[in-house]
There are 2 protein chains.
Amino acid sequence: MSEQTLSTLSGPQASPQDLSVRSNARDRVTSALREALIIGRIQPGLPMTLRGLADQLGVSPMPVREAIRGLAAERAIDISASGRITVPRLDQKRITEILDARALLEPRAAALALPNIDRECLRQLKRIDDEIDVSLSDGNVERYMVLNHAFHFAIYERSLSDVFLPLIESVWLRFGPFMRMVYGRVGTTGLVDHHKQALEAAARGDAAAFAEAIRLDISEGMELIGDAVRDAEVQHPPPRRRRKIAAPKVTI
Amino acid sequence: MSEQTLSTLSGPQASPQDLSVRSNARDRVTSALREALIIGRIQPGLPMTLRGLADQLGVSPMPVREAIRGLAAERAIDISASGRITVPRLDQKRITEILDARALLEPRAAALALPNIDRECLRQLKRIDDEIDVSLSDGNVERYMVLNHAFHFAIYERSLSDVFLPLIESVWLRFGPFMRMVYGRVGTTGLVDHHKQALEAAARGDAAAFAEAIRLDISEGMELIGDAVRDAEVQHPPPRRRRKIAAPKVTI
DNA sequence: GCTCTCTATTTGTGATCACAATTACGTACG
DNA sequence: CGTACGTAATTGTGATCACAAATAGAGAGC
């Protein structure tokens with residue numbers, strides 16, 4: 001198999017040794033893979049192998065197996081009938097439905113979160129949003145994706161909902177690799193968001209406006225990438241690989 | 001540990017050897033556990049063990065491990081920090097949020113499905129709903145839960161959405177054990193649903209009314225069990241077990 | 001009766017092995 | 001130059017083993 005590897009996590013300002021220092025190898029692997037998926041570092045369609053990931057992460061294939069199995073349950077990773085492990089390619093139908101689901105779930109989570117968003121949290125959101133502007137003008141796609149995720153989930157986490165949060169995370173896991181593909185292709189120049197409207201509404205304590213800003217943030221993103229998707233599907237059909245392809249690596 | 005086992009699947013008219021004859025042990029285990037969860041056959045809070053489940057299902061602990069890990073990723077099963085495997089107990093907050101998420105996701109899935117619901121499908125839905133009435137008047141809780149699941153998912157499957165369907169399945173997996181607890185406690189006598197309104201709307205091809213009927217079916221269920229939940233939480237606090245408890249078994 | 005303590009048992013985790021299925025790739029043929 | 005084929009290497013699956021951590025349950029003390 002032509003196996004894919006993942007680019008190291010130690011990019012610009014390496015993440016501070018992963019959030020919690022879980023003793024579990026499995027949880028470390030899961031965290032590494034989830035982050036790689038959210039950021040879109042793993043290219044959809046290219047196969048990964050248990051042993052390959054295990055070697056890269058310095059563990060035995062066993063914890064990787066369990067981590068992959070967990071991600072597969074969330075549909076973040078596809079395991080074909082023959083056992084081939086890939087990040088799923090999304091067709092336009094799926095993309096529409098994911099954005100549809102996001103537009104249902106995330107405004108509600110935001111509304112639930114609003115009462116728990118204090119001034120300090122607002123300041124942090126503002127900081128993140130400022131950094132997003134920088135990353136956009138720099139054209140730094142990866143940094144943008146990290147920050148955009150941070151912005152949204154800084155909100156959703158305040159919902160304190162272990163029902164909505166997992167559902168939303170699950171959808172982002174599936175969407176990340178695709179977003180990365182789009183941004184890597186069409187760039188982030190024309191990208192607009194509704195973060196500032198959201199922050200204004202949040203500052204006013206206006207739950208309805210807050211939720212609506214989040215909904216628009218998602219829906220307009222949908223329109224923006226609509227054409228890119230159509231183009232991508234005709235211009236970049238599932239590559240019929242014939243040779244091994246050098247690919248980025250992942251580490252914990 | 002006082003370990004829980006699961007009641008055999010071979011109840012009245014045993015399921016015809018599970019849907020697909022997957023060669024995978026893991027998939028068989030997963031199917032068995034998912035069904036047990038949906039029907040609510042596994043009592044929340046009581047620990048299960050990998051080796052115990054493996055013995056009951058006639059496989060090695062390995063496929064059970066992966067199946068459990070997958071279900072844990074969907075939050076259908078909880079694995080504590082110490083590794084204890086249980087079906088999560090739901091507090092009132094979670095229950096409300098689950099019903100909230102259902103009321104968001106399921107009407108949309110129903111609307112997506114409506115164009116794909118033909119006359120034959122409608123007839124089948126009608127048949128299921130008739131059987132539901134029978135099971136309700138019989139007070140057969142388990143059969144009601146199987147049928148109610150069948151009714152809803154016969155609809156949602158027609159959405160042909162592998163975005164909405166997994167999200168909804170995930171929520172049902174979490175909700176099943178709780179529903180069973182409620183029905184087992186307060187009975188199914190006062191139970192009302194909006195299946196017939198849904199079928200009428202579907203027959204008319206009225207997507208909005210169809211979705212609304214589904215939403216009401218969920219929301220009114222919410223009210224119905226509201227008090228039961230409150231009572232349950234004070235009358236049935238998390239039992240501080242001190243001895244082993246005999247519990248039902250599960251088989252493939 | 002209740003709580004605490006201590007020990008034997010159980011449990012999840014991770015590693016390694018064997019194996020059937022699948023895939024990759026050089027080779028022959030068109 | 002492209003396609004079909006056959007063999008060798010790779011891959012996921014399942015089983016088994018070792019081990020540290022956690023638990024259960026009996027016993028001592030209050």
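Each chain gets a letter, A, B and so on, in the order its sequence line appears, and its residues count up from 1. The model shown is predicted, which means the values in this text are computed figures rather than measured ones.
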Problem set entry | Side-chain (B/Asp78) to main-chain (B/Pro88) donor-acceptor, under 3.5 angstrom | no
Seminar exercise, completed: When rounded to whole Å, the CG to P distance for the pair A/Asp55 and C/dT16 reads 11 Å
For this session: Could you tell me whether B/Glu35 and B/Arg41 make a salt bridge, using a distance below 4.0 angstrom between a side-chain N and a carboxylate O?
Result: no
For this session: Assess the pair B/Tyr144 and B/Tyr183: is the distance between their ring centroids shorter than 6.0 Å?
Result: yes
Problem set entry | Spacing of B/Asp78 atom CG relative to C/dG12 atom C1', expressed in whole Å | 14 Å
Exercise. When you measure from every atom of DNA chain C, which of residues 69-76 of chain A have a heavy atom less than 4.0 Å away?
Worked result: none
Exercise. Reckon A/Asn24 has a side-chain N or O less than 4.0 Å from the OP1 or OP2 of C/dG14?
Worked result: yes
Seminar exercise, completed: Closest of D/dT16, D/dG14, D/dT23 to the B/Pro61 side chain is D/dT16
Problem set entry | Closest nucleotide among D/dA15, C/dT23, C/dG12 to the B/Thr49 side chain | C/dG12
Exercise. Is A/Arg26 side chain donor-acceptor paired with the C/dG12 base, going by distance under 3.5 Å alone?
Worked result: no
For this session: Spell out, as yes or no, whether a donor-acceptor pair under 3.5 Å connects the side chain of A/Asn116 to the backbone of A/Ser159.
Result: no
Exercise. Among C/dT13, D/dG14, D/dT23, which nucleotide sits nearest the side chain of B/Leu50?
Worked result: C/dT13
Exercise. Between D/dT13 and A/Arg84, is there an OP1 or OP2 to side-chain N/O distance shorter than 4.0 Å?
Worked result: no
For this session: Look at the side chain of A/Ser60 and decide which nucleotide, out of C/dT16, C/dA15, D/dT13, has an atom nearest to it.
Result: C/dA15
For this session: May I have the distance from B/Leu57 (atom CG) to D/dA15 (atom P), rounded to whole angstrom?
Result: 12 Å
Seminar exercise, completed: Ranking D/dT13, C/dT13, D/dG12 by distance to the side chain of A/Ile85, first place goes to D/dG12
Exercise. Given atom CD of A/Glu66 and atom C1' of C/dG12, what is their separation to the nearest angstrom?
Worked result: 9 Å
Problem set entry | First of A/Ala81 and A/Gly58 reached from the 5' end of DNA chain C, by closest nucleotide | A/Gly58
Problem set entry | Ring geometry between B/Phe178 and B/Phe175 (parallel below 30°, tilted from 30 to 60°, perpendicular above 60°) | tilted
For this session: Scan for salt bridge (Lys or Arg N to Asp or Glu O under 4.0 Å) pairs involving residues 57-73 of chain B, sequence neighbours excluded, and state none if there are none.
Result: A/Arg65-B/Glu66, A/Glu66-B/Arg65, A/Glu66-B/Arg69, A/Arg69-B/Glu66, B/Arg26-B/Glu66
Seminar exercise, completed: Side-chain atoms of B/Ala25 come closest, of C/dG14, D/dG14, C/dT11, to D/dG14
Exercise. For B/Met48 and C/dT11, what is the distance between atoms CE and P respectively, to the nearest whole Å?
Worked result: 13 Å
For this session: Specify the separation, in whole Å, of atom CE of B/Met62 and atom P of C/dG12.
Result: 12 Å
For this session: Give me the ring orientation class for A/His152 and A/Trp172: parallel if the planes are under 30° apart, tilted from 30 to 60°, perpendicular past 60°.
Result: tilted
Exercise. Cut-off 3.5 Å, side chains only: do A/Ser170 and A/Glu74 have a donor facing an acceptor?
Worked result: no
Problem set entry | B/Gln43 vs B/Arg180 side-chain heavy atoms within contact, under 4.5 Å | no
Please tabulate the protein-to-nucleotide N/O contacts below 3.5 Å involving nucleotides 18-20 of chain C, giving atom names and distances.
none

Problem set entry | Phosphate OP1/OP2 of C/dT23 contacted by A/Ser82 side-chain N/O (<4.0 Å) | yes
For this session: Would you mind checking if B/Arg94 and B/Asp100 are paired as a salt bridge, meaning a charged N to carboxylate O distance below 4.0 Å?
Result: no
For this session: Among D/dG12, C/dT13, C/dT16, find the nucleotide with the atom closest to the side chain of B/Arg65.
Result: C/dT13
For this session: Send over the distance from A/Arg28 CZ to C/dG14 P, rounded to a whole Å.
Result: 8 Å
